2 protein chains.
Amino acid sequence: MRTVDPVKHEAKRREILDAAGRCFARKGFQGATISNICAEAKISPGHLYHYFASKEAIVGAIAEVGLEANVELLARIMAKPDAIAALVAEVRHPKDQREKTGQVLLLDMLVEAGRNPAMAGILQEHSRKLQTLLADFIRKGQARGQIDPGLDPEVAAGIVLCVGDGMRALALRNPEVDMGKSLDTLKILLSRFLTPQKP
Amino acid sequence: MRTVDPVKHEAKRREILDAAGRCFARKGFQGATISNICAEAKISPGHLYHYFASKEAIVGAIAEVGLEANVELLARIMAKPDAIAALVAEVRHPKDQREKTGQVLLLDMLVEAGRNPAMAGILQEHSRKLQTLLADFIRKGQARGQIDPGLDPEVAAGIVLCVGDGMRALALRNPEVDMGKSLDTLKILLSRFLTPQKP
DNA sequence: AACTTGCTAGACCTATCATTCTCATTTAGA
DNA sequence: TCTAAATGAGAATGATAGGTCTAGCAAGTT
């Protein structure tokens, strides 16, 4: 009897997921079709459904890996010496293709989460992780006297997270924006927000 | 010969637009269908096309009125004595139904602008107006010594605008967020960002 | 080699979409 | 009052969506 090779199966799944990611980044979760994904992955629709039960499953998987990558990225950033600078720098220069796709899709995920409970669940789960990471960073900074002890770490972390989300609107609202200047200013904003206040 | 009554015609257009706004807020620009809008407005599809040439035209009109309302709102806020407090308060309490719909749809518009050039044009046009309003406010504050003169008014205005966009992600990322606390913290963030720095 | 099972393709199905067509009804102006 | 246009409804249309079916082929196992 022939048996399924789990390694090959998983590799093919990844391939399809990558293709789907490119399609979603190009056209959005609702705009991209199964046909688009099949064409991009060079497989037939019948074949695709051996790997994913539905379009929704693909969307869910994409969101999962994208957001998980985000969590890992933030964890790495928080470990660096000048975390704020690293954070700001990362808004600008996504490292690899998957990170870039994740960035493009972030706003899409937020919008989708507003209507699709499955997406909302995934987003909230990962947001909790991100918020915890940031809050821990803030708490440590407070202990060292580098961050204003008057700030509630959880609340401040939530705000910083969403400020990051907002920055994705910069280029959309003004395509000619000077990203360098804007990110320098963002760095100032974050520094001033977190710095301990002198009486 | 019978002539079209421009008043009635315009009233009906508004009615359809309101219905469309509710549908778009509920399902998004791509998710809402002509049938949905017709049902909500209680008219037939054939009839709808007497008032709008296409779905895209409806989307465009919705974006136009929503963003224009945003501009007027910001203009009113900037005229108030404590503009920062008024700005933060407005994130929380939209005045009327149309403002609320506009808020819900803002993220959708940003996402749509990333792919639909028509939407991108409308968004960018209104963003320019918003940025100018905010930049003027900052310039005046700088002249009065209330705002850090080291900040580039245009750049800072763009940042503040996008911070506002990001705040719309707060409840999406964490539905149990304490909005009161978060907005208090946002107010702190904005104050510290803009306040002149003592050497 | 023969059999059994998984892999793959692409035609096919059903639903639904935006849009158009046809047709009935109402109403303003001659 | 007569009539042409405005107003309205709803079936029809063509395109396309997500998802299924069938069947040939490939590859282990015996």
Side-chain angles (χ1 to χ4, degrees), chain A residues 1-63 108 112 115-119, chain B residues 1-63 108 112 115-119:
Chain A
M1 206 206 289
R2 197 182 165 192
T3 62
V4 50
D5 182 342
V7 175
K8 273 180 78 177
H9 194 266
E10 193 53 36
K12 195 80 192 172
R13 250 184 84 101
R14 282 291 167 115
E15 231 173 86
I16 296 173
L17 234 38
D18 281 354
R22 289 191 292 276
C23 289
F24 288 145
R26 216 179 298 136
K27 307 198 179 191
F29 288 121
Q30 300 213 43
T33 71
I34 293 286
S35 294
N36 295 149
I37 297 171
C38 289
E40 181 78 28
K42 285 169 193 163
I43 58 170
S44 66
H47 193 188
L48 183 142
Y49 280 89
H50 282 307
Y51 294 91
F52 294 95
S54 64
K55 187 185 175 182
E56 180 133 340
I58 303 176
V59 169
I62 287 277
D108 260 89
E112 184 74 9
R115 293 172 189 120
N116 175 347
M119 178 66 84
Chain B
M1 203 210 285
R2 195 183 168 189
T3 62
V4 50
D5 180 340
V7 175
K8 275 180 77 176
H9 195 266
E10 193 51 36
K12 195 79 192 175
R13 251 183 85 100
R14 282 293 167 116
E15 233 174 85
I16 296 172
L17 233 39
D18 281 355
R22 287 191 293 275
C23 291
F24 287 145
R26 216 179 297 139
K27 308 198 177 190
F29 288 120
Q30 300 212 48
T33 71
I34 294 285
S35 293
N36 296 149
I37 297 171
C38 288
E40 181 79 28
K42 287 171 190 159
I43 58 169
S44 65
H47 193 189
L48 183 143
Y49 279 88
H50 281 142
Y51 293 90
F52 294 94
S54 65
K55 187 184 176 184
E56 178 135 339
I58 303 176
V59 170
I62 287 279
D108 260 88
E112 184 75 9
R115 295 177 186 115
N116 174 349
M119 178 67 84

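Protein chains get the first letters and strands the later ones, always in sequence-line order, with residue 1 at the start of each. Please read all numbers here as calculations on a predicted model, not as lab measurements. As a basis for the values below, the full set of heavy atoms in this structure was taken, side chains included, without hydrogen atoms, waters or symmetry mates.
Protein atom CD1 of A:Ile37 is 18 Å distant from nucleotide atom P of C:dG10, rounded to whole Å. When rounded to the nearest whole Å, the span between NZ of A:Lys27 and P of D:dT16 equals 11 Å. A straight line from NZ of B:Lys55 to C1' of C:dT20 spans 17 Å, rounded to a whole angstrom. The separation between B:Tyr49 atom OH and D:dT13 atom P is 17 Å, rounded to whole Å. Computed from coordinates, the B:Glu15 CD to D:dG8 P distance equals 9 Å when rounded to whole Å. Taking atom CD1 of A:Ile16 as the reference point, atom P of C:dC7 lies 12 Å away to the nearest angstrom. Distance CG (B:Asn36) to P (C:dC17): 7 Å, rounded to an integer number of Å. One can place CG of B:Leu48 at 15 Å from P of D:dG10, the figure rounded to the nearest angstrom.
Closest of all the heavy-atom pairs between A:Ala41 and A:Ala19 is CB-CB, 3.6 Å. Residues B:Arg115 and A:Ala25 come closest through the heavy atom pair NH2-O, 3.4 Å. Closest heavy-atom contact between B:Ala61 and B:Leu17: CB-CD1, 3.9 Å.
Distances shorter than 4.0 Å separate some side-chain N or O of A:Tyr51 from OP1 or OP2 on C:dT8.
Closest to the B:Thr3 side chain, of the nucleotides D:dG8, C:dA28, D:dA9, is C:dA28. The side chain of B:Pro45 lies closest to D:dG10 when the candidates are C:dT8, D:dG10, D:dG18. Listed nucleotides D:dG18, C:dT8, C:dT19 differ in distance to A:His47; the shortest reach to its side chain belongs to C:dT8. Checked against C:dT19, D:dG8, D:dG19, the side chain of B:His50 finds its nearest nucleotide in D:dG8.
In this structure, the side chains of A:Ile43 and A:Lys12 come closer than 4.5 Å at one or more pairs of heavy atoms.
Atom CZ of B:Phe29 and atom CD1 of B:Ile62 lie 7.0 Å apart (nearest 0.5 Å).
The residue among B:Lys8 and B:Gly46 whose nearest nucleotide of DNA chain C is located toward the 5' end is B:Gly46. Between B:Thr33 and A:Ile43, the residue anchored nearer the 5' end of DNA chain C, judged by the nucleotide with its closest heavy atom, is A:Ile43.
Residue contacts for A:Ala32: at a heavy-atom cut-off of 4.0 Å it reaches the sugar-phosphate backbone alone, with no base atom in range. A:Ile34 comes within 4.0 angstrom of the backbone, heavy atoms only, and of no base.
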